[in-house]
Enquirer: 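One structure follows; several queries about it will come next.
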There are 2 protein chains.
Amino acid sequence: MATKQALKGLPEDADLRRADSLAREIFSDVANKWALLIIEALGERTLRFSELRNEVEGVSHKMLTQNLRMLERNGLVDREVHPTVPPRVEYTLTEPGRALRTAVDAICGWTHQHLAHIESARGHFDA
Amino acid sequence: MATKQALKGLPEDADLRRADSLAREIFSDVANKWALLIIEALGERTLRFSELRNEVEGVSHKMLTQNLRMLERNGLVDREVHPTVPPRVEYTLTEPGRALRTAVDAICGWTHQHLAHIESARGHFDA
DNA sequence: CAGAATCCCATTAGATACTG
DNA sequence: CAGTATCTAATGGGATTCTG
């Protein structure tokens, strides 16, 4: 421990930087359109892959799988496979996922609240 | 008004669909990494272009300009140009911008709160 | 039905150079 | 300093095909 200090600063500094870069990585994962829309669509419900595909308008098969894998990897959604035929796979938000969802809800709410303001701002800007 | 109803449904339906697609458009604009990081960086402060570039780690000159224009267009940031030489341009969140910022803060807070959980989820998933 | 893999085109974003 | 324009490399994302 003490050996590093002279050359590289306190160990805690390194830990903080590591935590920051991790936080940033997670933020980048999560702060994208499809991920947030999927989280919003799931809400408190459990949905199958095909149901999610219907709920999240405009998402492609590929983007849905990719983002679901990423969310699963980060522990935001739980993926339950029922080994039936045909297969049935269900997705549910985990506790951290639901916690994040409240923030996403806030963004959605914000969007609808400011529709008028934004529309007029656009009109003004585009002129 | 009444003429459309038979063929296209109630006018309110059309209005609702329009509002929804607008909301979706705004959401897509805003729900991206750089836009959210810029909003978070601005916070309550007023920052110059070059200061923002330093605050938002890793953002390129181009991405910063593009996103600032987009945020300005949507009325989330105010852009003030001081016609001096060299030029000085300052960016500030508008009221709607600040409102959205609280939601972004929530996401940032969430990220840091769940660092450990996510890191372990990743470890588990990657195995 | 869920999803992995491939192909391929469109968009994105970085680097660089130029302007007021 | 702030911003635009251009070029290019990389990535994203859709369509399609194939498997359990």
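Chain A is the first sequence line, chain B the second, and so forth, proteins listed ahead of strands; every chain is numbered from 1. Hydrogens, waters and symmetry mates play no part in the numbers below; they use all other heavy atoms, side chains included.
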Enquirer: Under a 4.0 Å heavy-atom cut-off, which of residues 31-44 of chain B touch DNA chain C?
Expert: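 The stretch gives none, as no residue of it lies under 4.0 Å from the strand.
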Enquirer: Between B:Arg69 (CZ) and C:dA13 (P), how many Å, whole number?
Expert: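 Those two atoms, CZ and P, are 16 Å apart.
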Enquirer: Rounded to whole Å, please give me the gap between CD in A:Glu90 and P in C:dC1.
Expert: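 To the nearest whole Å, that distance equals 15 Å.
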Enquirer: May I ask you to evaluate whether B:Tyr91 reaches the phosphate of D:dG3, defined as a side-chain N or O under 4.0 Å from OP1 or OP2?
Expert: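 B:Tyr91 to D:dG3 OP1/OP2: side-chain N or O found under 4.0 Å.
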Enquirer: Any heavy-atom pair between the side chains of A:Ile107 and A:Glu40 that's under 4.5 Å?
Expert: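 With C-beta onward as the side chain, the pair stays apart.
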Enquirer: Can you sort out the partners of A:Glu80 under side-chain hydrogen bond (donor to acceptor under 3.5 Å, both in side chains), two or more places apart, ordered by chain and number?
Expert: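 Per chain and number, A:Glu80 pairs via side-chain hydrogen bond (donor to acceptor under 3.5 Å, both in side chains) with no residue.
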Enquirer: Check every atom of C:dA13, D:dA2, C:dA2 against the side chain of A:Ser50 and return the nucleotide holding the closest atom.
Expert: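 It is C:dA2.
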Enquirer: Between B:Asp20 and B:Arg24, does a salt bridge (charged side-chain N to carboxylate O under 4.0 Å, His left out) hold up when you go through it step by step?
Expert: CA-CA 6 Å; B:Asp20 266 13; B:Arg24 185 55 181 275; over 6 Å; no
Enquirer: Taking OP1 and OP2 of C:dA2, is either one under 4.0 Å from a side-chain nitrogen or oxygen of A:Arg48?
Expert: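 Checking A:Arg48 against C:dA2: at least one side-chain N or O falls below 4.0 Å of OP1 or OP2.
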Enquirer: Check DNA chain C against residues 51-65 of chain B and give the residues with a non-hydrogen atom under 4.0 Å, in numerical order.
Expert: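 Within this stretch, B:Ser60, B:Lys62, B:Met63 sit under 4.0 Å of the strand.
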Enquirer: Return a table of donor-acceptor pairs under 3.5 angstrom between the side chains of residues 83-95 of chain A and protein atoms on other chains or two or more places apart.
Expert:
unit_1: A:Thr84; atom_1: OG1; unit_2: A:Pro86; atom_2: O; d: 2.9
unit_1: A:Arg88; atom_1: NE; unit_2: A:Glu90; atom_2: OE2; d: 3.4
unit_1: A:Glu90; atom_1: OE1; unit_2: A:His82; atom_2: NE2; d: 3.1
unit_1: A:Tyr91; atom_1: OH; unit_2: A:Arg79; atom_2: NE; d: 3.3
unit_1: A:Thr92; atom_1: OG1; unit_2: A:Thr46; atom_2: OG1; d: 3.0
unit_1: A:Thr94; atom_1: OG1; unit_2: A:Gly75; atom_2: O; d: 2.7
unit_1: A:Thr94; atom_1: OG1; unit_2: A:Leu76; atom_2: O; d: 3.1
unit_1: A:Thr94; atom_1: OG1; unit_2: A:Gly97; atom_2: N; d: 3.2

Enquirer: Tell me which residues in residues 71-89 of chain A lie within less than 4.0 Å of DNA chain C, going by non-hydrogen atoms.
Expert: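 Close to the strand are A:Arg79, A:Pro86, A:Pro87, A:Val89.
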Enquirer: Rounded to the Å, how far apart are B:Asn67 CG and C:dG14 P?
Expert: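 In whole Å, C:dG14 P lies 10 Å from B:Asn67 CG.
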Enquirer: Give, for atom CG of B:Leu71 and atom CG of B:Asp78, the distance between the pair rounded to the nearest 0.5 Å.
Expert: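 Rounded to the nearest 0.5 Å, the CG-CG separation comes out at 12.0 Å.
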Enquirer: Please give, in whole Å, the distance from C:dT12 P to B:Asp29 CG?
Expert: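 Atom-to-atom, B:Asp29 to C:dT12, this comes out as 11 Å.
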Enquirer: Do you reckon A:Phe125 sits in the same ILVMFWY cluster as B:Val81, going by side-chain contacts under 4.5 Å, direct or chained?
Expert: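 No, because A:Phe125 and B:Val81 fall into different hydrophobic clusters, even though each may have its own neighbours under 4.5 Å.
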Enquirer: Drop me the distance from B:Leu68's CG to B:Arg73's CZ, to the nearest 0.5 angstrom.
Expert: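 It is 15.0 Å, given to the nearest 0.5 Å.
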Enquirer: Taking five pairs at each end, how big is the angle between the two axes of the helix from C:dC1-D:dG20 to C:dG20-D:dC1, to 10°?
Expert: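 The end-segment axes of the helix from C:dC1-D:dG20 to C:dG20-D:dC1 are tilted 40° relative to each other.
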